[in-house]
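The figures here come from the full heavy-atom set of this structure, side chains too, leaving out hydrogens, waters and symmetry mates. Residue numbering restarts at 1 for every chain, and letters A, B, ... go by the order of the sequence lines.
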Amino acid sequence: MTTDTLENHFEQTIDADQRIEPRDWMPDKYRATMIRQIAQHAHSEIIGMQPEGQWITRAPSLRRKAILLAKVQDEAGHGLYLYSAAETLGADRRDLTGQLITGRQKYSSIFNYPTLSFADVGVIGWLVDGAAICNQVPLCRSSYGPYARAMIRICKEESFHQRQGYELLMTMMAGTDGQRAMVQGAVDRWWWPSLMMFGPPDTDSPNTAQSMAWKIKRHTNDELRQRFVDMTAPQADALGVSLPDPDLSWNPEREHYDFGAIDWSELKRVISGDGPCNAERIARRKEADENGAWVREAAAAYAAKHAGGKS
Amino acid sequence: MSEPVWPLYEVFVRGRRGLNHVHVGSLRASDDQMALHNARDLYTRRNEGVSIWVVRSDLITASSPDEKDPFFEPAGDKIYRHPTFYSIPDDVLHI
């Protein structure tokens, strides 16, 4: 078949809202875009284990420790679902990890902020995972089948993440003045970075049009950001915290919340490597990879020894 | 030192008794046993399965999407394989 016929068939499949599956023909650019997006998402899950993982040994109760362990284990699982999806496109996950630790592929800017108190664990669940859910629910209908299916699994599990965070914060808000101050402090630090998770504004997002045409993305960055603000503002009221934005208010005409201007220079700075924890996060991931090398080697040697007649 | 490459495995999970095993994704493991354990940890953290199959991806033979239409064509024109092909009078019941 000629490339034109193949491309036609691909476009028709997308237009009919059918999924593209691994062995289908697809334009090189679609494949490259999917690998980049899925890898970046996988890396975010894996790096995302670090900010909260630091609190596992310091969780204030066995209950909170068990919950946090399960949550961080889920993040690892999400990373693996996504590397699995990337491999269906011909990417190799060892190679992707290499690209992450040498800085050639990116991960979500949000994980370059530090977790200064235990309230941060709750706020990450509520705001960061809440924003992730807003982003990810539409991706369950993404045009690439394996990615969409991975997102369905992930979204089911993210709901636990968000609820445990909110419950943790409710518990702290019912505690002492000191605990309430910790929650407010964490909200003040994480609110704006959470809004930046949706990416640059639509006016500065050159790939959005192509991704929407290919149904990789279903909504623009600004649409999803607005949806998140609309969901979250009432939750902040219920919790009894204030969001650090004097311009945040309900606009009855738009039937949405208005909110203040985002400092995009901060997002650019953090993405380009100059956030508070960029170097630390990559160094930790690299260290884990290097420390695991002998285990991978030993397991391969064991497998070879016991393989018998098998290759 | 060249790093050993662990083979890719495809994972199939039976959600509960009475259902088929369904493909859920893939993973890397050094051997079959590790693939099974990793599959349990990765794909059944919330009781999603009562049975798991793992099989090395390179052992699977699959139809090619390029020959999709000709490959499945033999079924295309055999509409008499479907029960709706046969018209039965309305007053004949339970058929």
Compare every heavy atom of [Y] with every heavy atom of [X], then report the nearest pair and how far apart it is.
X        : Y        : value
B:Pro4   : A:Ala300 : CB-CB, 3.5 Å
A:Val295 : B:Trp6   : O-CZ2, 4.5 Å
A:Arg23  : B:Ala62  : NH2-O, 3.6 Å

[range]: residues contacting chain B (heavy atom under 4.5 Å, by number):
range                       : value
residues 31-52 of chain A   : none
residues 151-159 of chain A : A:Arg153, A:Glu157
residues 77-97 of chain A   : A:Gly77, A:His78, A:Leu80, A:Tyr81, A:Ser84, A:Glu87, A:Asp92, A:Arg93, A:Arg94

Partners meeting salt bridge (charged side-chain N to carboxylate O under 4.0 Å, His left out) with A:Asp74 (sequence neighbours left out): B:Arg45, B:Arg46

Give a yes or no on this: more than 12 heavy atoms of other residues, nucleotides or ligands lie within 6.0 Å of atom [atom1] of [X].
X        : atom1 : answer
A:Arg58  : CZ    : yes
B:His37  : NE2   : no
B:Ile95  : CD1   : no
A:Arg104 : CZ    : yes
A:Asp28  : CG    : no
B:Asn20  : CG    : no
A:Lys65  : NZ    : yes

Segment of B:Gln33 engaging chain A (4.5 angstrom heavy-atom cut-off): neither

